[in-house]
Amino acid sequence: MRQAGAYSGLLCGGVSGRTGPHSLPLARIKKIMKKSGDDVKMISGEAPIIFSKACELFIEELTRRSWIMAIQGKRRTLHKEDLTSAVIATDLFDFLITLVSNSDSHSLGSTTTTMEVETIY
């Protein structure tokens with residue numbers, strides 16, 4: 001069962017009391033939310049804040065799993081290949097498999113892995 005205190009500081013604001021603890025741009029989040037469907041017309045002020053925190057947690061988790069891939073490769077720098085490997089290795093991120101794919105690009109005789117990002121709008 002969830003503890004009420006886990007998200008208690010989420011809506012009360014940060015240091016200034018106005019900006020809150022979020023670090024992602026709320027206006028951009030709200031814009032993405034409105035683009036998600038024709039039915040979405042009104043969005044409360046709290047919803048983008050919750051989405052901001054959810055995005056932060058998502059990025060942290062994906063970074064942790066990518067870091068594990070970098071460590072397994074005996075590196076201490078994250079590369080896009082680590083992100084791709086983490087997405088492929090984790091069932092939770094199956095919805096991202098279509099966004100990251102391995103393709104060979106030849107530039108100056110070297111083969112690199114690139115990320116192909118589809119527009120989802």
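Note: Thr90 OG1 to Leu62 CG = 8.0 Å, rounded to the nearest 0.5 Å. A distance of 11.5 Å separates OG in Ser66 from CD1 in Ile59, rounded to the nearest 0.5 Å. Atom OG of residue Ser52 and atom CG of residue Leu24 lie 4.0 Å apart, to the nearest 0.5 angstrom. Atoms OG and NZ, on Ser23 and Lys53 in that order, are 8.5 Å from each other to the nearest 0.5 Å. Note that the CD1 atom of Ile88 and the CE atom of Met69 stand 9.0 Å from one another [nearest 0.5 Å]. In this structure, CD1 on Ile43 lies 11.5 Å from CG on Leu26, to the nearest 0.5 angstrom.
Nearest approach of Thr98 to Phe95, heavy atoms of both residues: OG1-O, 3.9 Å.
At a threshold of 4.0 Å, the pair Asp82-Arg75 counts as salt-bridged, since one of the basic side-chain nitrogens sits closer than that to a carboxylate oxygen.
Residues passing the side chain to side chain contact (heavy atoms under 4.5 Å, CB included) test with Ser44 are Glu46, Ala47, sequence neighbours excluded. With sequence neighbours left out, the side chain to side chain contact (heavy atoms under 4.5 Å, CB included) criterion links Ala54 to no other residue. When the salt bridge (Lys or Arg N to Asp or Glu O under 4.0 Å) test is applied to Arg76, no partner is found at least two apart in sequence or on another chain. Applying the side chain to side chain contact (heavy atoms under 4.5 Å, CB included) rule to Asp91 yields the partners Asp94; only residues at least two apart in sequence or on another chain are considered. Residues passing the side chain to side chain contact (heavy atoms under 4.5 Å, CB included) test with Ile68, sequence neighbours excluded: Gln72. In this structure Phe93 satisfies the ring pair (Phe, Tyr, Trp, His ring centres under 6.0 Å) test together with Phe58, sequence neighbours excluded.
Residue pairs meeting the ring-ring contact (aromatic ring centres under 6.0 Å, His included) criterion with at least one member in residues 34-54, sequence neighbours excluded, do not occur.
Trp67 belongs to a hydrophobic cluster whose remaining members, ordered by chain and number, are Ile71, Leu78; membership requires side-chain heavy atoms of ILVMFWY residues under 4.5 Å apart, directly or through intermediates.
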